[in-house]
Amino acid sequence: AGAKDDTFNVLDLTEYTKNRPWWRKIFVPSSGSSAEKYNVATQLVIGGVTGWCTGFIFQKVGKLAATAVGGGFFLLQIANHTGYIKVDWNLVQRDMDKAKQQLKFHSSGNKMPPEVKSRVDEVVIFLKKNVILTGGFAGGFLLGMAS
């Protein structure tokens, strides 16, 4: 019967990529692991910068959290010493014994649940595929914690 004559336009991708801005070439590459997308220097820079930012923020939030927790314990001790708070140490001891028993019960198996094991496997695969990026992140994180 009636055969259709399809026509196709040809798209030249070399011209398309020449006209792309440099930041699109770096930050919006094709899918795949970062080892396939970026060169070594770019992986180290991206990992280092994100690691430094994470470490710096982690350090600041950690100091704030430590100050809040330490201050809270300090205020509780002052309140206990002055008589505002009375601690029932027998109740504390009973609760600690219950917690110890539950910990012994849950840790006796030494087996990871399957959902945790699958997540750990995913993380290991990611680290193996992106070893340079994660190395840069680790170095940047340590520098961020130190600054």
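These numbers come from the heavy atoms of this one structure, side chains and all, not from hydrogens, waters or symmetry mates. The first residue of the sequence shown is numbered 1, and numbering continues consecutively from there.
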J.: By the rule that ILVMFWY residues connect when side-chain heavy atoms come within less than 4.5 angstrom, directly or transitively, which residues belong alongside L91?
T.: none
J.: Could you report the tightest heavy-atom contact between W52 and L143, atom names first, then the distance?
T.: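 The answer is CD1-C, 3.7 Å.
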J.: From I125 CD1 over to N130 CG, what is the distance, rounded to the nearest 0.5 angstrom?
T.: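 Reported value, rounded in 0.5 Å steps: 11.5 Å.
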J.: Please check if F74 and V69 belong to a single hydrophobic cluster, counting links between Ile, Leu, Val, Met, Phe, Trp and Tyr side chain heavy atoms closer than 4.5 Å.
T.: no
J.: Taking C-beta and beyond as the side chain, do Q59 and K63 meet within less than 4.5 Å on heavy atoms?
T.: yes
J.: Rounded at 0.5 Å granularity, tell me how far NZ in K129 sits from OG1 in T134.
T.: 13.5 Å
J.: So M145 and F141, do their side chains get closer than 4.5 Å, heavy atoms only?
T.: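 Yes - at least one pair of side-chain heavy atoms lies under 4.5 Å apart.
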J.: Are the side chains of L133 and F137 in touch, meaning some heavy atoms are under 4.5 Å apart?
T.: no
J.: Could you pull out the closest heavy-atom pair between I85 and L76, with the gap in Å?
T.: CD1-CD2, 3.6 Å
J.: For the atom pair CG (D88) and CG (D95), what is the distance rounded to the nearest 0.5 Å?
T.: 9.5 Å
J.: Would you say L127 and V123 make side-chain contact, with heavy atoms under 4.5 Å?
T.: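 In contact.
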J.: Go through the side-chain N and O atoms of D121 and S118 and say whether any donor and acceptor fall under 3.5 Å apart.
T.: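 Side chains of D121 and S118: no pair found under 3.5 Å.
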J.: According to side chain to side chain donor-acceptor pair (under 3.5 Å), who are the partners of T67, at least two apart in sequence or on a separate chain?
T.: none
